[in-house]
Amino acid sequence: MSKEGNKLWGGRFSGEADPEFARFNESFSFDRRLFEVDVRASVAHCDALIGAGVLSTAEADQIKSSLAQIADAGRDNPKYFDELSSEDVHSFVEARLIESVGDLGRKLHTGRSRNDQVATDLRLWLRDEIDRLEPLLREAQRALVELAEANFQVVMAGYTHLQRAQPILFAHWCLAYFEMLARDRERLIDVRKRVNVLPLGSAALAGTAYQIDREAVARALGFESVTRNSLDGVSDRDFVIEFVSAASLVMMHLSRLAEDIILYATTEFGFLELSDAVATGSSLMPQKKNPDSMELVRGKAGRVFGHLTALLTTMKGLPLAYNKDMQEDKEALFDTVDTVNACVSVTTTVLRNLRVNEARAREVAQSGYMNATELADYLVRKGMPFREAHKAVGKIVMHAIERRAELNDLPIAELKSFSALIDEDVFDALSLEKTLATKSQTGGTASERVADELKKARERL
Ligand code: ARG
């Protein structure tokens, strides 16, 4: 490693690198993930060198065919990388090229630097990964829609402060997460625009001294535009941070979904059951069925948030332009991509392996005075100001708690003793069906509303 590393700047150096420092300095053990995009970018640069008058067409053809062989070797033989050492992926590819075509290979690095190379590689790589992640999120949304459709009739308790609040449709709960993931997808698509800009041609920091047609390179690599300032082009990683930030929001949403599922799958709640395929048992307690899948998703959110903090911290004090600190961006980004991909996929699988306990969910939805707000609204309809109604119902609830009865189980005479406005029709108003049906504005949990949103959700996929 040290030997070949020194070849890159051999002229200025006479001594060998300390082996421990060489190991510390290298990034090839992880940035080999950029191998494929590094070759792709090199091919585009090679073509640009023809226009710049550095390479003849024949020379460029020879380099490109060698690069294609190098790409094949890396694709077909996983050991290719282990057998050969290099400081980083850029020097690795260049060294293989020189091995293959000799001195001609030494011309490829004309007019570029590893600084604009690595920025270009990272953008190419991340663009592909965004294009992979976005459909995974769509698949998770699809699983939510299917879960909602299959359990459309299920009513359950909605919570605030984790206290029983108001009844909702289970499908309404599913679609809440659908909306979160919809915004996550939009964010990724938006980040992608700023990822998709070409820094190659910035060279080390000042721009390239050769007549390289940067726009043509951008077109060849599928970039939307080129960076407008060479210092900025090689030295910012805001696109990485933006992606990790968008990924953090994905993880935050998945973690909340995981937490809901974990909670609802407890005996105490009992709304959901995970199938054996996505749960584990205990080595000691024979009765256990643990939601490890969802706990890991919840846990891994912390790891992605950590990467976000690490990246922001690494970047905040760096003077322009490139600094080696920035090599730290890769492991954070790679691990973020791996983690979020795995978590989205596993979550989709869990959603497809959930059984909903309709009877239990309904039982809970009908207890705990979740129709108290309904009673207040009933009094409002009869002419009482809301604040007054709220107070009156509070007293009725206190009375009902003493009586160990739900509001709709109290005799009409007792109800009337709190307000003369209460009549027989109160029982209809307090029914679970009415409680749901009144929430019929956009965004509400009434059946027709949710059915409509579910249909729209299908269309949005
Ligand atoms: N391995 C380096 C990185 O990941 C590539 C750029 C190296 N540039 C340099 N001037 N040493 O950042």
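Quick caveat: nothing in here was measured; it's all calculated off a predicted structure. Just so it is clear, the values below take in all heavy atoms, side chains as well, and ignore hydrogens, waters and symmetry mates. Throughout, residue positions are numbered sequentially from 1 according to the sequence presented. Whatever order the structure lists them in is the order used to number ligands and atoms, beginning at 1.
- Glu242 has no carboxylate O lying under 4.0 Å from a charged side-chain N of Arg187, or vice versa, which leaves the two without a salt bridge.
- From the protein, the heavy atom lying nearest to atom 4 (O) of ligand 1 is Lys330 NZ, 2.6 Å.
- Remark: the Ser275 side chain and the Asn353 side chain contain an N/O donor-acceptor pair separated by less than 3.5 Å.
- Of all protein heavy atoms, the one lying nearest to atom 1 (N) of ligand 1 is Gln327 OE1, 2.8 Å.
- Of the polar atoms of Lys324, none of the N or O atoms is found under 3.5 Å from an N or O of ligand 1, judged by distance alone.
- Geometrically, Arg32 does not engage Phe35 in a cation-pi contact, judged by NZ or CZ lying under 6.0 Å from the ring centre and within 45° of the ring axis.
- With salt bridges taken as basic N to acidic carboxylate O contacts below 4.0 Å, one links Asp452 and Lys456.
- The closest protein non-hydrogen atom to atom 5 (C) of ligand 1 is Asp88 OD2, 3.6 Å.
- Inspection of the Arg112 and Ser42 side chains reveals an N or O donor paired with an N or O acceptor under 3.5 Å.
- When only non-hydrogen protein atoms are considered, atom 11 (N) of ligand 1 lies nearest to Arg114 NH2, 3.5 Å.
- Within ligand 1, counting atoms from 1 as listed, the ones closer than 4.0 Å to a heavy atom of Ser27 are 1 (N).
- The single protein non-hydrogen atom nearest to atom 12 (O) of ligand 1 is Tyr322 OH, 2.4 Å, given as residue, atom name and distance.
- Checked against a 3.5 angstrom limit, the closest N/O atoms of Asn115 and ligand 1 fall inside it.
- Both the sub-6.0 Å distance and the 45° axial angle are not jointly satisfied by Arg164 relative to the ring of Tyr159.
- Classification of Asp128 and Arg192 as a salt-bridged pair fails, no side-chain N sitting under 4.0 Å from a carboxylate O.
- Residue His90 places a heavy atom under 4.0 Å from ligand 1.
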